[in-house]
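Data first, discussion second: the structure below is written as structure tokens.
Bear in mind that the values here come from a model prediction, so they are computed numbers and not experimental data. Numbers restart at 1 for each chain; the letters A, B, ... are given by sequence-line order, proteins then strands.
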Number of protein chains: 2
Amino acid sequence: MTEQLAGGDLSRLRQLNALAVVHVLRGRPALTLTELSRDTGLSRPSTEDVVLQLQSQGWLEEVQPAPGVMGRPARRYRFRSDAGRVLGVDIGGHTIRVLAADLDGEVGHTVRVPVAITAGRAERLRAVDAAIAQCLSVAGLTGADIWATTVGTSGLVDAAGRVVLSVAFPEWTGVQLAQHVGRLVGGTVLVENDSRLAALAETWRGVARYAQHVVYLLAGLRTGTGLIIDGKLHRGFAQAAGEIGALPELGWIRAQEHLRSWTGAPAGTDPDDLAGYVFASAREGDRKAVAVVRRYAKELALGASALVLALDPQLVVLGGGFSRSADVLLEPLRREIEKRCVRIPEIVTSTLGDESVALGAVKLSLEHLQEHLFDVRTGVAAPVRPAR
Amino acid sequence: MTEQLAGGDLSRLRQLNALAVVHVLRGRPALTLTELSRDTGLSRPSTEDVVLQLQSQGWLEEVQPAPGVMGRPARRYRFRSDAGRVLGVDIGGHTIRVLAADLDGEVGHTVRVPVAITAGRAERLRAVDAAIAQCLSVAGLTGADIWATTVGTSGLVDAAGRVVLSVAFPEWTGVQLAQHVGRLVGGTVLVENDSRLAALAETWRGVARYAQHVVYLLAGLRTGTGLIIDGKLHRGFAQAAGEIGALPELGWIRAQEHLRSWTGAPAGTDPDDLAGYVFASAREGDRKAVAVVRRYAKELALGASALVLALDPQLVVLGGGFSRSADVLLEPLRREIEKRCVRIPEIVTSTLGDESVALGAVKLSLEHLQEHLFDVRTGVAAPVRPAR
DNA sequence: GTTACTAATTATGGAGACCTTCAAAAGTAA
DNA sequence: TTACTTTTGAAGGTCTCCATAATTAGTAAC
């Protein structure tokens with residue numbers, strides 16, 4: 001049925017209580033023992049015992065007592081969120097982005113390295129290496145300090161961190177990303193599809209906070225999805241979930257072609273920039289542009305509606321490059337979805353911008369650590385990089 | 001992040017160990033203390049302590065020692081699965097079906113009561129009452145003995161156990177099923193869509209055992225779906241998940257019309273029986289019938305493919321009345337799905353027959369009890385019907 | 001500068017639940 | 001009847017928690 005929690009001896013109880021203390025303290029400012037005791041439900045003496053143990057392990061640190069209070073000043077303890085670091089890497093078409101964050105998810109350093117959209121596999125991997133190296137350097141870290149890294153890329157990714165299929169960059173197919181990045185950093189290296197990471201970021205620090213079921217639409221030069229089900233990223237049995245766009249009858253391949261068909265842009269405009277012109281013209285009321293946007297919205301809504309009907313999410317999040325043009329895109333999209341669906345979810349625009357993938361990568365790294373360092377089954381492990 | 005397990009005092013540990021003992025013992029024959037000690041990881045004396053406590057509570061019962069073994073005969077204990085009962089009710093078009101089962105899910109009594117397909121709300125509810133009363137009677141139980149009941153019905157159901165929308169039986173819309181059935185039995189009454197319950201049954205005792213992600217297709221006079229995601233029934237934010245058939249572009253409304261268009265049946269055949277003739281003719285090689293089946297399979301595959309692409313399940317299960325004709329239906333369905341999907345899941349036929357909905361209802365009742373009686377947060381509650 | 005007040009810390013005693021170890025008991029097999 | 005096997009029961013010890021009381025280190029008032 002549910003995974004069972006094997007009981008055990010007394011030390012198990014201490015594990016659980018240590019876990020409770022860490023849980024209360026994470027992501028919060030320093031607390032006194034009395035406050036901790038109240039929030040964990042433990043008695044004061046027991047709380048002190050647990051805290052002292054966690055401090056000697058290196059998870060907790062005493063900070064200056066708060067000044068100017070009545071009574072004897074209380075010792076205060078904070079969670080040492082700087083005990084370990086994680087990386088989030090976004091391998092985009094034009095940019096490699098690397099985020100370094102602490103165990104609370106506080107992003108300390110951000111590095112962007114441009115890369116030619118035409119760059120082949122080797123050149124792109126070199127840019128990834130450079131970006132990671134630079135990020136470690138400015139953060140004053142070495143690869144050994146990194147406890148977990150997640151790499152976001154377009155395409156289908158298998159469980160071993162290999163890109164199984166990349167439509168956008170054919171040369172990318174087959175690249176062993178986890179293995180490659182693992183040369184540079186310690187700890188586990190996870191590889192995940194970029195749309196999924198963007199979806200995860202939205203539930204963490206975006207518009208989908210606290211939502212349990214979310215359909216995320218990456219609308220841009222490529223179209224993709226990320227599904228959050230029951231608060232967790234849904235990958236499917238073979239990591240192939242969310243590929244609704246592949247259904248010929250709903251075809252997302254066609255969707256952008258509507259935008260490309262637009263003839264109102266200056267001659268010789270890079271097809272990648274064309275979309276921006278269409279949205280701009282639509283914004284100014286150009287009838288033909290509005291019609292093109294509407295057709296695009298309809299195609300997008302077709303796949304989105306299929307997902308909404310299938311999953312009944314609380315929220316649909318519109319993200320990706322085109323979400324900047326939500327002012328002209330969101331309404332037609334909403335109308336088309338309302339036309340087709342039984343129950344209409346809230347439909348909102350992402351606010352995380354182009355950092356969402358890297359942010360989601362950070363979050364996935366943290367979730368990985370959460371499972372291995374602060375798990376109910378094992379209690380709190382020592383504050384060292386977990387074995388790979 | 002994850003729901004936290006508040007630590008606590010020593011009694012918490014006892015709770016967890018009692019839970020571990022119950023977990024080991026459930027659904028298994030009687031075990032000796034030594035065996036229990038081995039399987040729970042507890043020491044022998046502690047195991048005995050826990051077992052004695054559970055016995056005095058009424059959860060465990062001592063049985064005759066196994067004869068003819070070396071050494072001193074060991075006491076044996078079994079889980080008292082008969083301490084409480086659950087019901088599973090299937091309100092079908094032609095039949096009301098009620099299953100009574102013990103806490104291990106062992107079905108002890110089955111009652112079927114026919115009801116006219118044309119029966120209105122009141123008449124159908126009377127049949128439900130009669131079926132439940134009869135089941136209780138033959139099982140020698142009263143409503144007070146029932147700890148949980150789940151009712152399966154077609155249509156959309158809300159969290160309060162009301163049928164929000166029933167396409168198949170318009171008069172059924174708005175019926176307060178949980179409230180109605182609650183008059184007859186004690187404990188919680190859950191109401192759930194029949195396709196979902198059938199899906200649940202498949203993961204419990206059907207072909208989908210051990211599969212984490214499953215798309216269940218109810219193919220019959222109505223077409224429906226049940227989604228199992230991460231081993232759990234997926235309902236969606238407003239219990240509206242799985243309604244992919246409502247998408248006009250994939251329309252399952254059309255699907256059965258292909259079967260109805262068949263003209264090879266004797267004049268005056270009940271449209272409900274028509275499908276059987278089509279499948280039979282197709283089985284005998286009738287070209288036109290084969291073509292009709294193929295068109296139906298294609299329509300069904302369209303929605304199924306959308307679900308498969310969206311969720312990437314390990315398994316697609318074909319259930320419902322038409323699954324009896326899987327010999328002519330499964331292959332065309334499989335081909336159409338293979339045409340459209342990126343990764344092809346296993347596609348199999350249900351073997352549970354027309355008891356699947358009621359069986360799934362039993363399972364849902366048990367899962368409800370599991371959460372309330374054997375939860376990690378609270379430990380083992382006393383063996384009495386939980387408060388409603 | 002002393003005294004009163006406040007709230008945290010430290011110390012003490014006790015209870016519950018677990019473990020290991022060993023002797024006694026209750027069977028079967030020779 | 002004796003030897004062997006396995007379970008049972010009892011004893012002693014450890015760990016972790018709790019409640020309570022005494023001590024300490026500050027602020028506030030006089």
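- A straight line from CZ of B:R38 to C1' of D:dT6 spans 14 Å, rounded to a whole angstrom.
- Shown here are the side-chain hydrogen bond (donor to acceptor under 3.5 Å, both in side chains) partners of B:T188, two or more places apart in sequence or in another chain: B:H368.
- A:S46 has a side-chain polar atom (N or O) that falls below the 4.0 Å cut-off from OP1 or OP2 of D:dC18.
- Between the side chain of B:D104 and the main chain of B:E106, no donor-acceptor pair closer than 3.5 Å is present.
- The closest donor-acceptor contact from the side chain of B:R385 to the backbone of B:A144 lies under 3.5 Å.
- Of the side-chain N and O atoms in A:N17, none sit less than 4.0 angstrom from OP1 or OP2 of D:dT16.
- A close approach under 4.0 Å does not occur between any side-chain nitrogen or oxygen of B:R14 and OP1 or OP2 of C:dG16.
- Rounded to whole Å, atom C1' of D:dG26 lies 15 Å from atom CD of A:Q64.
- Between A:R75 and A:E48, at least one side-chain nitrogen of the basic residue sits less than 4.0 Å from a carboxylate oxygen of the acidic one, meeting the salt-bridge criterion.
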For salt bridge (charged side-chain N to carboxylate O under 4.0 Å, His left out), just list the numbers for A:R76 and A:E35, CA-CA rounded to whole Å, side-chain angles, deciding distance to a tenth of an Å, and then say yes or no. CA-CA 9 Å; A:R76 295 191 305 159; A:E35 290 164 335; over 6 Å; no
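- Between B:D230 and B:K232 there is no salt bridge, since none of the side-chain N atoms of the basic residue sits less than 4.0 Å from a carboxylate O of the acidic one.
- With A:T149 as the partner, the side chain to side chain contact (heavy atoms under 4.5 Å, CB included) test is satisfied by one option alone out of A:L87, A:L190, A:V86, A:V362: A:L87.
- The distance between atom CG of A:L52 and atom P of D:dT16, rounded to the nearest whole Å, is 14 Å.
- Atom CG of A:D9 is separated from atom C1' of D:dG13 by 14 Å (rounded to the nearest Å).
- Non-hydrogen atoms lying under 4.0 Å from DNA chain C are contributed by nothing in residues 53-63 of chain A.
- Rounded to an integer number of Å, the gap from CG of A:L16 to P of C:dC18 is 13 Å.
- In this structure, A:D49 and B:M70 both approach DNA chain D, and ranking their closest nucleotides by distance from the 5' end singles out B:M70.
- Under the side chain to side chain contact (heavy atoms under 4.5 Å, CB included) rule, A:T40 has a single partner from A:V50, A:L25, A:V21, A:V51, which is A:V21.
- The backbone N or O of B:A381 lies less than 3.5 Å from a partner atom in the side chain of B:W59, making a donor-acceptor pair.
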Going 5' to 3' through nucleotides 8-15 of chain C, assign each nucleotide B (protein heavy atom under 4.0 Å from a base atom), S (under 4.0 Å only from sugar-phosphate atoms) or - (no protein heavy atom that close). BBB-----
